[in-house]
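Notes to accompany the following structure.
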Amino acid sequence: MAYTHTQYQVNLTATAVTQATSGVVGQKWSPGYVPHVIRAFSLTNTSTLANVSSLVGELERRTLTATTVSSIATINGTATGGAGVVFYKNGLNATVQPGEEIQYRISTAATVAALLSATIWVEPRWEEPGNNTNMKATT
């Protein structure tokens, strides 16, 4: 059987969210059946507020069983990050297994209420579910 290795984008925020408050924002994402490799992470400014230089946003992996959180990538804002500017990190190549989830966390809030959308670029990593102890077949 042949598999196509289709890459696709996942939105971690349904709409643009304010970056003026620190903490986990947006939605969390988990690969349901097959592991995925996160290739890139981006934040798109949809507001007219340009100076987001104090912003530090992190893409984090969270293990659901132990609630252990680790950082995959960090994006730092700039003073010239106005409407339509996309901040990104690529070449991440971080594998996320079923039973783990991805979240966007603002570790240092912007000093302005800029609105940004968070996305990740992922690629399925075809694997047998039996190779992952968090996968349980049912009858």
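Nothing here was measured: the structure is a model prediction, and the numbers come from that model.
- A continuous path of ILVMFWY side-chain contacts below 4.5 Å connects Trp29 to Val25, so both sit in one hydrophobic cluster.
- Aromatic rings from Trp121 and His36 are positioned such that their centres are separated by 6.0 Å or more.
- In terms of hydrophobic clustering, with Ile, Leu, Val, Met, Phe, Trp and Tyr side chains grouped at heavy-atom distances under 4.5 Å, Ile72 and Tyr8 are assigned to a common cluster.
- A distance of 6.5 Å separates CG in Asn11 from OG1 in Thr119, rounded to the nearest 0.5 Å.
- Between Phe41 and Gly57, the shortest heavy-atom contact is CE2-O, 4.2 Å.
- What you find for Val69 and Gln103 is that their closest heavy atoms are CG1-NE2, 4.1 Å.
- Checked options Thr108, Ile106, Thr111; the residue passing with Leu55 is Ile106 (criterion: side-chain contact (heavy atoms from CB on, under 4.5 Å)).
- Both Phe87 and Val10 belong to a single network of hydrophobic side chains, linked directly or stepwise wherever heavy atoms of I, L, V, M, F, W or Y lie under 4.5 Å apart.
- Taking Asn51 as the reference, Ser53 meet the side chain to side chain donor-acceptor pair (under 3.5 Å) condition, with sequence neighbours excluded.
- Judged by distance alone, the side chain of Lys89 and the main-chain N or O of Ser42 form no donor-acceptor pair under 3.5 Å.
- Without hydrogens or angle criteria, Asn45 side chain to Leu116 main chain gives no donor-acceptor distance under 3.5 Å.
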Review point. So Arg125 and Thr95, side-chain contact (heavy atoms from CB on, under 4.5 Å) or not? Walk me through it.
Key: CA-CA 8 Å; Arg125 194 183 90 206; Thr95 300; 2.9 Å; yes
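- One distance of note links OG1 of Thr63 with CD of Glu101; it measures 9.5 Å at 0.5 Å rounding.
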Practice item. Would you please test Asn90 and Arg39 for side-chain hydrogen bond (donor to acceptor under 3.5 Å, both in side chains) and show each step? Key: CA-CA 6 Å; Asn90 60 12; Arg39 300 292 185 194; over 6 Å; no
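- Inter-residue side-chain proximity for Ser107 and Ser22 is flagged as unmet; no heavy-atom pair is nearer than 4.5 Å.
- The closest side-chain heavy-atom distance from Thr46 to Ser117 is below 4.5 Å.
- Arg105 contributes atom CZ, which lies 14.5 Å from atom CG of Leu12 (distance to the nearest 0.5 angstrom).
- Contact detail for Ser47 and Leu115: the closest heavy-atom pair is OG-N, 3.3 Å.
- Residues Val85 and Val52 share a single hydrophobic cluster, defined by chaining ILVMFWY side chains whose heavy atoms lie under 4.5 Å apart.
- To the nearest 0.5 Å, atoms CD (Glu58) and OG (Ser71) are separated by 4.0 Å.
- Note on residues 90-100: no pairs pass salt bridge (charged side-chain N to carboxylate O under 4.0 Å, His left out), not counting sequence neighbours.
- Not a single salt bridge (Lys or Arg N to Asp or Glu O under 4.0 Å) links Arg61 to another residue, sequence neighbours left out.
- Pairing each heavy atom of Ser54 with each of Ala109, the nearest pair is OG-O, 3.3 Å.
- Here the side chain of Thr13 pairs a donor or acceptor atom with the backbone of Ala118 at under 3.5 angstrom.
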Review point. Run the side-chain contact (heavy atoms from CB on, under 4.5 Å) check on Thr67 and Arg62 step by step: do they pass?
Key: CA-CA 6 Å; Thr67 63; Arg62 180 173 175 261; 3.4 Å; yes
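- Residue Leu92 is grouped with residue Leu43 when hydrophobic side chains (ILVMFWY) are merged at heavy-atom distances under 4.5 angstrom, including chains of intermediate members.
- In this structure, Gln27 CD and Tyr104 OH are separated by 14.0 Å, a value rounded to the nearest 0.5 Å.
- Between Thr6 and Pro124, the shortest heavy-atom contact is O-CD, 2.9 Å.
- Contact record, Val112 with Ala20: O-CB, 3.7 Å, taken as the closest heavy-atom pair.
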